Amino acid sequence: MTLANQIVYFSEKEQTFDSIILYMDLDAFFASVEIREDPELAGIPIVVGGNPKTKRGVVSTCSYEARKFGIHSGMPINQALKLCPHLTMVRGSYKLYGEVSKRIMRILGRYSPTMRVAGNDEAYLDLTDVVSDYEEAKRLATELKDEVYANEELTCSIGIAPNRILSKIASDSDKPDGLVVVKPLEIAEFLAPLKITIIPGVGKKSSEVFSNENVTLCGDLAKLPHQLAYQKFGKYGLKTWKLVNGYNTENTEEKFVSHERKSISEERTFFDRYNSWEEIWIRIDSSIDAIVSRLTIKKMSFKTISLKIRFKNFETYTRAHSLTSFNTSAKHVRIVVKKLLEEFEHKKPEDIRLVGVKISNLRKIDDNQKTLTQFF
Ligand SMILES: [Mg+2]
């Protein structure tokens, strides 16, 4: 099978966003703490890390003034000194950084109950249930920045976007002391002028592959047909293509805080047209397998099965059926979905744009208790 013939699936989850995520990153954290402690260091190129006497070691963090010389984290000290001979080296006060970090994370934790600390100077906050829209999220971020500065005299950069990866890109795009909001419909436009290397994971090697195909900016990749992105750059290229075109590429399974699942579902948007119900069924069938294997891993049983079907012009139907008792078998999902599909069989399969299957009414399987497989 050639790559071009492979079907590329887009799930509906990739097209819709239902989260508002804030990412905060302290600006040049270690260096900024040192400057706060010793104002004489302000405005000059400094690096934290390495041994000032032996001039060995690597740069841990550097001030923005040092960055202007091309110095960056991870660079050997002797190389940094070559770039900037009058560089000031500061031995890290790591205990102090840890204390400052803890206090700042405590402040952040008051803004949302759902938080993920990603490092001593960065964290994600899930604002989905905290704010009603992006305007409110922006106001909250301003308050947060002010509070961090009032308490610690440190600036941070914040990105607000519908998922984590975009919130980080948004924050990175305007440093220091930035606040960038990217709403779902603005993603592609926001990313277009940015270098492809701003995307986490696009390192030196992959950026070379991209530039061989004249892709330097996110917008260059976005313009390619998705099949071509897949052919040229593989699965990773397709994922990046989705991202730069404003699709939600984050694994929605991976929530910040694990919570009891209420349903398991799979939806498939068809970019290719299928002329027969058999072809549609193959896609549904694989969705059912995926759902039931997730159910098995989670050691759960279900009672309700739903089918969602969308035709062109966004005409969408949802049908559901509940069994009389809890069940675990794929066979029963298939039987119910087939039955629910009957209603639509007079319609043209080529008009179908999306099919989704969901099982809900889930219950954890008690090891001592056998699930009944009684049907209807
Ligand atoms: Mg930082």
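For clarity, every value in this text was computed on a predicted model and none was experimentally measured. The first residue in the sequence is number 1, and the count goes up from there. Whatever order the structure lists ligands and atoms in, that order sets their numbers, starting from 1.
If you look at Asp121 and ask which of its N, O or S atoms sits nearest the Mg ion (ligand 1), the answer is OD2. The Mg ion (ligand 1) lies closest to atom OD1 when only the N/O/S atoms of Asp25 are considered.
Atom-to-atom distance recorded for Leu221:CG and Asn245:CG is 7.5 Å, nearest 0.5 angstrom. Atoms CD and CZ, on Glu315 and Arg310 in that order, are 11.0 Å from each other to the nearest 0.5 Å.
In summary, no N, O or S atom of Phe29 is located under 2.8 Å from the Mg ion (ligand 1).
The 12-atom threshold is not exceeded at NZ of Lys358, counting heavy atoms of other residues, nucleotides or ligands nearer than 6.0 Å.
Checked against Ser157 for a side-chain hydrogen bond (donor to acceptor under 3.5 Å, both in side chains), the options Asp25, Asp174, Asp27 give a single hit: Asp27.
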